[in-house]
Amino acid sequence: MAVERQKAAPRGLEGVVAAATAICSVSDNFLQYRGYRIEELAGKAEYEEVAFLLLNGDLPNRTELRDFKAELTKHRTLSPFLRGILQEMSETGTGMDVLRTVVSASAAEDPGEGDNSREAEYAKAIRLTAKLPTILATYIRRRRGEQPVPPDPTLGHAANFVKMAGLDANPKAAEILNTCFILQAEHGLNASTFAARIAAATLADMHAAVTAGLGALKGPLHGGATDGTMKMLDEIGTPERVETWVQKAIASKYKFSGFGHRVYKTEDPRAKFLRKFAMDLAKDWKGPKYFEIQERLAAEIARQRPTMSPAAAEKVNVVNVDYYAATTYTFLGIPADLGTSIFAVGRMAGWCAHIMEQHSDNRLIRPESEYTGPTGKRWVPLAER
Ligand SMILES: CC(C)(COP(=O)(O)OP(=O)(O)OC[C@H]1O[C@@H](n2cnc3c(N)ncnc32)[C@H](O)[C@@H]1OP(=O)(O)O)[C@@H](O)C(=O)NCCC(=O)NCCS
């Protein structure tokens, strides 16, 4: 079939529909996973149920959930090979670099490596989903100079992470993180999922595609905004400094982490859940007044919006998922530079579901580019250049 050459797509592919999917739909103030709005799942479901939903198309019944959880339990433990890499990397590697590297390395010992059949990919999705919290928790312990705490077969996904990472000081930590993982589990054709689908569309295997997704998630315009939010709040320091800080930030065209979204124009439907968590957790927090700072910051950005360019003013109208996720995680005792890594733990099920969907009806994703460089140049021998 001859394809007509089109003019260049909008910058950043804004408004371009680049894939068909039955997994998730996202539009302003609207997010649904396989037909369930996020409000139906957050605060009600267990992460395992949502992971099953994303991978299989509907919520599990009791037997399906029991079997799914049993499979996750079977695969939480890390091999000596992966623990060795973690040990080596924990001294200097950042959280996202460690997650990406250990996930990538886990391909080397995966029994289904190179097998892109649905059955093999489903098993790999479970293994990857099961292992990521253990990888992150082991890294957190290593950084503190502690021995890893092995997974507990009696505990579920979020509770296991809490125990392994030593976050049990707050009795609600598992419940809160369970909902956070659900809120972060899936989000349509966001940058990391698109990256994963592009890798998958070459018929590269699930580990390669998830590794691509982890690479894309790291950046501050995507998941990296969670860590960016904490850096920004630390830079501001106190609620009293917010007003002048915002003035200077707008003047220097600073990008406020946790504000703006490509799809949401008025509201990110996940943010309200996270704001509530952050507000409740702030009451027992003894450190810097992060929640007060961020509340004042949001109000001040709204007040000073008229001084921004129209495009920027439109963007900062939306407080996105990362803004209150950052403080929620910090208040739970998670180091401020590891919020993006927590995001990755939640997103694993979504990435795997998209990779399986891509492989189930695959065509190489290979757009063209519009050449803007020079032409007709002639070779000049080295001595004459
Ligand atoms: C999310 C994001 C990447 C979407 O980007 P986008 O749709 O490509 O929008 P653009 O980067 O083209 O921004 C358009 C304008 O708004 C401005 N803008 C966008 N987000 C902004 C923010 N958070 N703070 C200040 N200005 C912002 C841009 O500087 C640009 O201004 P200009 O036209 O005057 O140069 C962007 O809003 C952003 O960088 N946000 C901060 C990082 C973040 O929180 N990411 C997590 C997203 S879930």
Side-chain angles (χ1 to χ4, degrees), residues 8-18 24 26-31 38 96 180 183-195 213-236 242 245-275 278 293-294 296-330 336-337 339-344 346-347 350-351:
R11 281 186 81 221
L13 299 183
E14 177 161 14
V16 171
V17 176
C24 177
V26 188
S27 56
D28 190 25
N29 198 14
F30 180 88
L31 170 61
I38 195 67
M96 286 304 290
C180 294
L183 293 169
Q184 305 271 29
E186 166 54 18
H187 210 222
L189 217 56
N190 61 90
S192 58
T193 302
F194 192 35
L214 278 161
L217 186 72
K218 184 181 180 186
L221 301 189
H222 189 12
T226 317
D227 298 347
T229 297
M230 291 316 300
K231 272 193 207 145
M232 180 175 74
L233 299 180
D234 271 328
E235 192 184 316
I236 298 170
V242 168
W245 190 87
V246 171
Q247 266 164 12
K248 283 188 197 146
I250 291 176
S252 66
K253 285 196 155 274
Y254 180 89
K255 278 215 172 160
F256 300 101
S257 288
F259 289 82
H261 201 270
R262 181 59 73 70
V263 182
Y264 300 131
K265 304 294 177 204
T266 59
E267 195 174 333
D268 179 335
R270 304 163 296 179
K272 56 182 176 289
F273 294 99
L274 293 157
R275 179 172 178 272
I293 297 172
Q294 70 180 160
R296 205 184 279 196
L297 179 62
E300 197 54 37
I301 290 173
R303 198 179 71 80
Q304 296 192 34
R305 267 177 71 208
T307 67
M308 304 175 83
S309 74
E314 193 189 310
K315 285 287 162 195
V316 299
N317 193 32
V318 174
V319 171
N320 66 47
V321 67
D322 300 309
Y323 194 56
Y324 292 108
T327 38
T328 297
Y329 301 154
T330 298
D337 63 324
T340 309
S341 305
I342 299 281
F343 185 156
R347 186 56 55 88
W351 287 327

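Just so you know, residue 1 is the first one in the sequence shown, and it goes up from there. Numbering of ligands and ligand atoms starts at 1, following listing order. Values reported hereafter were calculated over all heavy atoms of this structure, with side chains retained and with hydrogens, waters and symmetry mates removed.
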| message | Does either side chain, that of Trp245 or that of Glu300, offer a donor lying less than 3.5 Å from an acceptor on the other one? | response | no
| task | State whether a side-chain donor-acceptor pair under 3.5 Å links Thr340 with Asp227. | result | yes
Nearest protein heavy atom to [atom], by residue and atom, and its distance?
atom	value
atom 48 (S) of ligand 1	Asp322 OD2, 3.5 Å
atom 8 (O) of ligand 1	Arg262 NH2, 2.9 Å
atom 41 (C) of ligand 1	Phe259 O, 3.3 Å
atom 37 (O) of ligand 1	Gly260 CA, 3.4 Å
atom 45 (N) of ligand 1	Leu221 O, 2.9 Å
atom 43 (C) of ligand 1	Ala225 CB, 3.4 Å
atom 22 (C) of ligand 1	Phe256 N, 3.6 Å

Has the side chain of [X] got a donor or acceptor atom that lies under 3.5 Å from a matching backbone atom of [Y]?
X	Y	result
Thr330	Ala326	yes
Arg270	Leu31	no
Tyr324	Val319	no
Gln294	Tyr323	yes
Asp234	Met232	no

| field | Heavy-atom side-chain contact between Leu233 and Thr327 under 4.5 Å | value | yes
| field | From CD (Gln184) to CG (Asn190), nearest 0.5 Å | value | 10.0 Å
| remark: To the nearest 0.5 Å, atom NZ of Lys253 lies from atom OG of Ser309 at 4.5 Å
Counting only non-hydrogen atoms of the protein, does one fall under 4.0 Å from [atom]?
atom	result
atom 2 (C) of ligand 1	no
atom 35 (O) of ligand 1	yes
atom 6 (P) of ligand 1	yes

| said: My understanding is that only residues two or more places apart in sequence, or in another chain, count here; which of them pass side chain to side chain contact (heavy atoms under 4.5 Å, CB included) with Val318? | reply: His261, Tyr264, Asp268
Residue portion contacting ligand 1 (non-hydrogen atoms closer than 4.0 Å) for [X]:
X	result
Asn320	side chain
Val316	side chain
Ala311	both
Ala312	both
Lys315	side chain

| Does ligand 1 have an atom under 4.0 Å from some heavy atom of Pro220? | yes
| query | Within less than 4.0 angstrom of ligand 1, does Tyr254 place any heavy atom? | reply | yes
| task | Would you mind running through ligand 1 and noting each atom that sits below 4.0 Å from a heavy atom of Lys253? | result | 32 (P), 34 (O), 35 (O)
| task | Using a strict 4.0 Å cut-off to heavy atoms of Gly258, name the atoms of ligand 1 that fall inside it. | result | 43 (C), 44 (O)
| query | With respect to atom 27 (C) of ligand 1, which of Glu14, Arg305, Lys255 exhibits the smallest heavy-atom separation? | reply | Lys255
| query | salt bridge (Lys or Arg N to Asp or Glu O under 4.0 Å): which pairs involve residues 304-326, sequence neighbours left out? | reply | none
| task | Could you tell me whether Lys272 atom NZ has more than 12 heavy atoms of other residues or ligands within 6.0 Å of it? | result | yes
| said: Geometry only, no angles: is Met308 polar-contacting ligand 1 at N/O separations under 3.5 Å? | reply: no
